[in-house]
Amino acid sequence: MSQQFDIIIIGSGAGGGTMTWALAASGARILLVERGDFVPQETENWDPEAVWKHLRYQTRERWLDERGREFSPYTHYNVGGNTKFWGSVLYRLRRDDFGAVEHVDGLSPAWPIDYDTLAPYYDRAEQLYQVRGELGSDPTEPPRGPYPFPAVPHSGGMVEIVARLQEMGLHPSPLPLGLLRPGDPGGCILCNTCNSFACRIHAKSEAEVCAVRPALASPYVTLWTNACALRLVATDSGSRITGVEIERNGVTSIVQASVVIVACGAVNSAALLLRSGGDRRPEGLANSSGLVGRRYMAHLATMMQGFHPLRKNSTVFQKTVAINDFYLHGPASPYPLGQVQSQGRTHGVMAQTVVPWIPLWAYNAWVDRGVDWLAMSEDLPDESNRVIVTRDGRIQLLYRPNNLRAHHQLVAETKRILRKLGFWIVVGHSHGARNTTHQCGTVVFGTDPRRSVLDPFCRAHDVENLFVVDAGFFPSSAAVNPGLTIAAQALRTADHIMTTDLKHL
Ligand SMILES: Cc1cc2nc3c(=O)[nH]c(=O)nc-3n(C[C@H](O)[C@H](O)[C@H](O)COP(=O)(O)OP(=O)(O)OC[C@H]3O[C@@H](n4cnc5c(N)ncnc54)[C@H](O)[C@@H]3O)c2cc1C
Ligand code: SF4
């Protein structure tokens, strides 16, 4: 097989999968390199015990935390990356998120592009991932046309909750969701095992189904699974990549291409650049700013549950409601607090992972009477929050969550609302400093090469043929789910690559 391609894309998740789809028609010979395999369609996909107790699909890799203690990162190495397991809540950033925003604990910096620049690519990303939503009901929504598909209707129980929230003066809106053909034969069946599960019937809008598989129909796209990029090989000056060292089925080889696109996820992309410096550049590749790995962010997230002992929750598909009333400022604070979303149903086994000694029957009785929510706030970029690679090559995450006052206010406000809705008990749980699901910010994009790693098209300032198109480019984490923004920027970068690096084709 040829070891020479026009483009190598490393990682097949939201960034890499979307990029592969966007470049597939360019006529360039593309190699997509993915360290994992396809997730099989099997009964375990929807089995809470397999997913939550035996961690069947999560990576076995262990990372180190700030104090050098091992932990299992909640991340997945497979075709489609973490999108296979996402809740498919596909939001645009709010217009304000692109500007500098003062938060209670500091400044959320401006992006080098504004909302209007990304809006056409959001349109295309929403088409690709078949997003369903309702125009006009969310007070924070940026200017836009109608969604490609109508919103998923609320279940009976959630209709009641939405009406009560409106009586309280709030503005609940349908969550924008990527679900394929709900209600149609072969389409989404609106089940209770979506967020954190792979869809057994391939009805979730995720990168494997919507982007990678369609791209593979092109004769120009080659996918290598179980192929891990170990290192980028650069010229002596470090200004150009000449090859990628890849380990595949136990064999290591160097593959060449004129354009290299890294999309390993924010943590792994930073780690790959840091590992690629060699003796000549111990600080890593593309790192003249010293920012590779720094400014790690991951959102402040608390899973919350309102419990009523006498009310059984009959909702199956629960994840349809957003409350964005506190996104730009709190009820008694001029600062942003974040977003509240209803969540997929918690299963007893999931809840048991928090306090394992409580018997499963008790958890099942509890979750049968609970309604699940997620309170999510922005964390702020801080250069001491960072990914490093230890001497023996392991990933270490130095992360101290910040902007906690805003998050605590959001959690307190959510508790107050849930109590007003009649829930007797409200509980919350957070992964705190080990939260990796919304990882971002480690190779920030910007216009100043001294203050950013990538330019506004995600090309490395220091390396002319290197792009990074995963969540690493985020200068701020905003407080909505990151996936659609990663996909939109990948589409924008693909257009740029086609008119610059590939114009000779
Ligand atoms: C349970 C869960 C629920 C979520 N829900 C939502 C949601 O509802 N909405 C939303 O917007 N976001 C959600 N997210 C977050 C979302 O999935 C991520 O933000 C998004 O997938 C990140 O895209 P990415 O391209 O940066 O990385 P990923 O999607 O993680 O893709 C990175 C890929 O690179 C591969 N890779 C890594 N290193 C190498 C290497 N060295 N060589 C080869 N391949 C490599 C990985 O195997 C992986 O396939 C959720 C995440 C999780 C875990
Ligand atoms: S059937 Fe629908 S709700 Fe169930 S996992 Fe698939 S996409 Fe999600």
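Counting starts at 1 for both ligands and their atoms, in listed order.
- In summary, the atoms of ligand 1 found under 4.0 Å from a heavy atom of Tyr77, numbered by their order in the structure, are 46 (C), 47 (O).
- Atom 52 (C) of ligand 1 has its nearest heavy-atom neighbour, among Val480, Thr437, Leu177, Val468, in Thr437.
- Listed by chain and residue number, the protein N/O/S atoms under 2.8 Å of atom 4 (Fe) of ligand 2 are Cys191 SG, with waters left out.
- Rounding to the nearest 0.5 Å places NE2 of His202 at 11.0 Å from CZ of Arg200.
- Checked by atom type, the side-chain pair Ser155/Thr315 shows a donor-acceptor distance below 3.5 Å.
- Remark: of the listed residues Leu90, Val152, Val131, Val152 is the sole one forming a side-chain contact (heavy atoms from CB on, under 4.5 Å) with Leu179.
- Judged by the shortest distance from any of its heavy atoms, Ala227 lies inside the 4.0 Å radius around the atoms of ligand 1.
- Ligand 1 lies within reach of Val33, whose nearest heavy atom is under 4.0 Å from it.
- By the 3.5 Å distance cut-off applied to N or O atoms, Asn78 is counted among the residues near ligand 1.
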Check your understanding: Run the side chain to side chain contact (heavy atoms under 4.5 Å, CB included) check on Glu61 and Arg35 step by step: do they pass?
Key -> CA-CA 12 Å; Glu61 196 173 68; Arg35 73 189 292 171; 3.2 Å; yes
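- Checking Asp379 against Asn402 by side-chain atom types alone, no donor-acceptor pair falls below 3.5 Å.
- Val463 pairs with exactly one of Val468, Val453, Ile241 by the side-chain contact (heavy atoms from CB on, under 4.5 Å) rule, that one being Ile241.
- Here atom 40 (C) of ligand 1 lies nearest to Ala229 when heavy atoms of Gly17, Pro482, Ala229 are compared.
- Summarising the contacts of atom 50 (C) of ligand 1 with Phe197, Tyr91, Trp86, Phe473, the nearest heavy atom is found in Trp86.
- Nearest-heavy-atom check against atom 10 (C) of ligand 1 across Thr83, Asn481, Asn195, Thr59 picks out Asn481.
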